[in-house]
Protein chains: 2
Amino acid sequence: MAKDRKIDVVILGLLFHEDLTGYDIKKRLDGAIGFFWKGSFGNIYPALASMEKEGLVTRKDSKAGGREKIFYHITKQGTKALQAWLQEEQFSNELRYETLLKLHFGGAVDRSVTIRNIEIFEEDVKRNLAVLNMYKENLEKVLDEADHIHYYLTVLFGIETYEAYLRWCKKAMKIMKEN
Amino acid sequence: MAKDRKIDVVILGLLFHEDLTGYDIKKRLDGAIGFFWKGSFGNIYPALASMEKEGLVTRKDSKAGGREKIFYHITKQGTKALQAWLQEEQFSNELRYETLLKLHFGGAVDRSVTIRNIEIFEEDVKRNLAVLNMYKENLEKVLDEADHIHYYLTVLFGIETYEAYLRWCKKAMKIMKEN
DNA sequence: ATCAGCATGTAAGGCGTTACATGATTCA
DNA sequence: TGAATCATGTAACGCCTTACATGCTGAT
């Protein structure tokens, strides 16, 4: 498994739950997972190819319905690699928020620009929060199914975080308008 | 200014406040700014060189004390570029948390592994929160100085966020132990 | 005298984004 | 019939991390 290519474990994690095509994987990454990990076709397909060579996944070609589809299945070796990574006690959590950069350097422009930047951020957070709450409600109906309790935890994380962002927006706006 | 190289505006933002060497810039990025933007020497020095070519910054060599030092100074053109970026109404805020990935895919291992991963995250958050609170206290002494109110906003953001993380840790731990 | 920190850079290699290329299927 | 979505990939290019290379300064 490539040392710095974390998409590998994302794919293994998804395949542990069910067999998927590269296209399916992309859809998952555009959904709830997208809040904390992104992926692109140019990322996913090469990773699948190299992981197949390494024996972490196997491909199951299917022409059901005439359309070409390649389902990938996790191997025992792939499962071991996934579990080994899950048990590693180091992790890299990275945040790169251009919004905070703009706030931090807001002294170079009029106060109104910073206020506008906070507003834009706030709108964005509200949109995302609505989506996350939808995921939450849907998950609560199926919490007993395997793995769903884990998905639920990450959705709760997103909600807790975004609610904190909204509180901060209010405070920041107040400070910008008062001082 | 390179389209996708955001370190440029970070450097311009720092230089707007005061002249700095590449080494100084790295130190800033290892401080409070590091919570939302990272940088490395291999990143900073080439950016400074190319920005000098573009006329966004000028270099002021100094051999005061015998040690070679290159202070960079923002030009009018650099200031305009910084202000233009601050006023752009789009922004990319990216979060890549391996911790959440491990939580999400925790179904592949024993419950105890996920509990341990939450604990590790919690310890990390507490450490960072202590640092942020220190920054906050220091900033509160100098809030009247130019730009400091903006730095203060980003520190408040960090604190609000990390406190939310801690609340989530408690909830997540409870869910993992009860269900 | 030695070691940590100051200070400036270069080089290799990997990773990821974006755009491109192609074609099938489904639904209105 | 046309548009959106399904589906798989490749190629170029840029960016960043990591490691390397070098040497000075100040404190113990």
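The shown structure was predicted, so the numbers you read here are calculated from the model rather than taken from an experiment. Naming convention: chains lettered A, B, ... in sequence-line order (proteins, then strands); numbering from 1 in each chain.
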Expressed in angstrom and rounded to an integer, what is the separation of A:M1 atom CE from C:dG14 atom C1'?
-> 16 Å

Considering heavy-atom distances to DNA chain C, does B:Y72 or A:K38 have its closest nucleotide positioned more toward the 5' end?
-> B:Y72

For atom CD of A:E68 and atom P of C:dA21, their distance in whole Å | 19 Å

Using atom NZ of A:K60 as one end and atom C1' of D:dA7 as the other, report the distance to the nearest whole Å.
-> 20 Å

Over-ring placement of B:K102 relative to A:W85, 6.0 Å and 45° cut-offs | yes

Atom-to-atom span, CD of A:E52 to C1' of D:dT8 - whole angstrom | 14 Å

A:K26 to A:F41, cation-pi by 6.0 Å centre distance and 45° axis angle = yes

Residue B:Y23, side-chain heavy atoms: nucleotide from D:dC6, C:dC6, C:dG9 that is nearest | C:dC6

B:K6 NZ to D:dC16 C1', in whole Å, measures 14 Å

Name the closest nucleotide to the A:I70 side chain, picking from D:dG9, C:dT17, D:dA7.
-> D:dG9

So B:H104 and A:Y151, would you call those rings parallel, tilted or perpendicular, with 30° and 60° as cut-offs?
-> parallel

Residue A:N43, side-chain atoms from C-beta onward, closest of C:dG9, C:dT17, D:dT8 | C:dT17

Could you state the CE-C1' distance from A:M51 to D:dG9, rounded to the nearest angstrom?
-> 17 Å

Just checking B:A49: base, sugar-phosphate only, or nothing, at a heavy-atom cut-off of under 4.0 Å?
-> nothing

For A:I25 and D:dG9, what is the distance between atoms CD1 and C1' respectively, to the nearest whole Å?
-> 14 Å

Closest to the side chain of A:R5, out of C:dA7, C:dC15, D:dA7, is C:dC15

Side-chain N,O (A:T21) to OP1/OP2 (D:dT8) below 4.0 Å | yes

When all nucleic acid strands are considered with a 4.0 Å heavy-atom cut-off, which category describes B:G22: base, sugar-phosphate, or nothing?
-> sugar-phosphate

Note: for A:K27 and A:D4 on DNA chain D, the residue whose nearest nucleotide lies more 5' is A:K27

Taking the side chain from B:H150 and the backbone from B:H148, do they hold a donor-acceptor pair closer than 3.5 Å?
-> no

Interatomic distance, A:F41 CZ vs C:dT18 C1' [rounded to whole Å] | 13 Å

Between CG on residue B:L100 and OG1 on residue A:T154, distance to nearest 0.5 Å = 6.5 Å

